[in-house]
Amino acid sequence: MNRKTQWNIKKMTITALAIAVVCVGTTVIQIPIPFGYMHFGNCLILLAGVYLGSVSGLLAGGLGSALADLLTYPQWAIPTLIIKGLMGWAIGFIAGRNKKLTKLKSVFTVFANLAGIGIMIGGYYLAGVILYGGWAASAAQLPGLIAEGLAGILLFYIVAGALEAAHVPGVLQKNRSL
């Protein structure tokens, strides 16, 4: 195998693991909120997008979260596939604008996290309009979604801080292009 093939296999393996970890992180610890639950999955999507890139963020966020919804709230699986996929892609795209290795305190990382969580909140609000049958019913989930998003960002900075202290992101980001 040549080096390029090895990298593709490595990248696919890491992305597959990220998909599984997002699914498990979403389903294992669930804190009920109006019209859903708060979970560790958003933090993991933020990590995947920032440190693995836009395509891996898209796959980990979309597929990992949709698989979790198939186990818990199956009616949300398709909206989640789209919303969390876009969330992961946007995080990776924005964080990847920094041509150096992504840094935890970078303005790109902060903006990527806020944009990703904004996509999640807006996406679930719009999906709720369809699934709940109206704007007002969907608006009832907004406080919970905002709390879920802020908790995901807080957990991201805690976990990413520990990962950066252990020099893990440098290993993951060597060829972040996928």
Side-chain angles (χ1 to χ4, degrees), residues 8 11-97 109 111-156 159 172 176-178:
N8 288 334
K11 187 67 172 185
M12 285 187 291
T13 303
I14 291 171
T15 300
L17 287 170
I19 292 167
V21 168
V22 168
C23 180
V24 170
T26 302
T27 56
V28 171
I29 299 172
Q30 296 180 349
I31 302 164
I33 59 173
F35 299 102
Y37 56 93
M38 191 177 310
H39 50 79
F40 195 59
N42 289 325
C43 165
L44 298 169
I45 295 168
L46 294 170
L47 289 166
V50 167
Y51 292 119
L52 300 178
S54 58
V55 173
S56 293
L58 176 130
L59 294 171
L63 293 176
S65 298
L67 288 170
D69 273 358
L70 284 173
L71 300 171
T72 55
Y73 292 92
Q75 72 275 19
W76 283 96
I78 292 174
T80 293
L81 176 70
I82 296 165
I83 295 164
K84 297 290 181 125
L86 286 173
M87 175 184 169
W89 179 84
I91 294 163
F93 180 79
I94 295 167
R97 298 303 90 200
T109 302
F111 185 64
N113 286 332
L114 293 173
I117 295 301
I119 288 169
M120 181 200 75
I121 293 168
Y124 279 116
Y125 175 73
L126 292 175
V129 170
I130 296 166
L131 288 173
Y132 298 136
W135 299 99
S138 184
Q141 68 180 339
L142 285 175
L145 289 171
I146 292 168
E148 179 183 345
L150 293 174
I153 291 173
L154 176 65
L155 286 170
F156 165 82
V159 173
L172 293 175
R176 182 177 190 278
S177 60
L178 178 63

Heavy atoms only: give me the nearest [X]-[Y] pair and the separation to one decimal.
X	Y	result
F93	S54	N-CB, 3.6 Å
A60	A18	CB-CB, 3.8 Å
L81	A66	CB-CB, 3.9 Å
I119	A90	CD1-CB, 3.4 Å
K11	S56	CE-OG, 3.3 Å
I83	A127	CD1-CB, 4.1 Å

Flag the pair [X] / [Y] as yes when at least one side-chain heavy-atom distance between them is below 4.5 Å, and no otherwise.
X	Y	answer
W135	L126	yes
L131	W76	yes
P74	D69	no

Notebook entry, point to check: Are a donor atom and an acceptor atom from the side chains of T27 and Q30 found within less than 3.5 Å of each other?
Noted result: no
Notebook entry, point to check: Can you find a side-chain donor-acceptor pair between T80 and Y124 that sits under 3.5 Å?
Noted result: yes
Note to self: Please determine whether side chain to side chain contact (heavy atoms under 4.5 Å, CB included) holds for the pair V24 and V21, giving the CA-CA distance in whole Å, both sets of side-chain angles, and the decisive distance to 0.1 Å.
What the structure shows: CA-CA 5 Å; V24 170; V21 168; 5.9 Å; no
Next item on the list: Apply side chain to side chain contact (heavy atoms under 4.5 Å, CB included) to L59 and list each qualifying residue two or more places apart in sequence or on a separate chain.
Entry: T15, I19, V55, L63
Note to self: I'd like to check the side chain to side chain contact (heavy atoms under 4.5 Å, CB included) partners of I121; sequence neighbours left out, ordered by chain and number.
What the structure shows: I117, L142, L145, I146
Using 0.5 Å steps for rounding, measure from the [atom1] atom of [X] to the [atom2] atom of [Y].
X	Y	atom1	atom2	value
I82	S65	CD1	OG	13.0 Å
L155	M38	CG	CE	9.5 Å
L114	T109	CG	OG1	11.0 Å
N42	N113	CG	CG	10.5 Å

Next item on the list: Please test I45 against M87 for side chain to side chain contact (heavy atoms under 4.5 Å, CB included), starting from the C-alpha separation and ending with a verdict.
Entry: CA-CA 8 Å; I45 295 168; M87 175 184 169; 4.2 Å; yes
Note to self: Determine whether a donor-acceptor pair (N or O, by modelled atom type, separation under 3.5 Å) exists between the side chain of K84 and the backbone of L58.
What the structure shows: no
Checklist line | Any donor-acceptor pair under 3.5 Å from S138 side chain to Y125 backbone | finding: yes
Check: For atom CD1 of I29, is the number of surrounding heavy atoms from other residues, nucleotides or ligands below 6.0 Å larger than 12?
Finding: no
Note to self: Are more than 12 heavy atoms, taken from residues, nucleotides or ligands other than I78, located less than 6.0 Å from that residue's CD1 atom?
What the structure shows: no
Next item on the list: Please report the C-alpha distance between Q141 and Y132 in whole Å, then the side-chain angles of each, then the deciding distance to 0.1 Å, and finally whether the side chain to side chain contact (heavy atoms under 4.5 Å, CB included) criterion is met.
Entry: CA-CA 10 Å; Q141 68 180 339; Y132 298 136; 4.0 Å; yes
Item checked: Steps toward side chain to side chain contact (heavy atoms under 4.5 Å, CB included) verdict (L44, F156) -> CA-CA 7 Å; L44 298 169; F156 165 82; over 6 Å; no
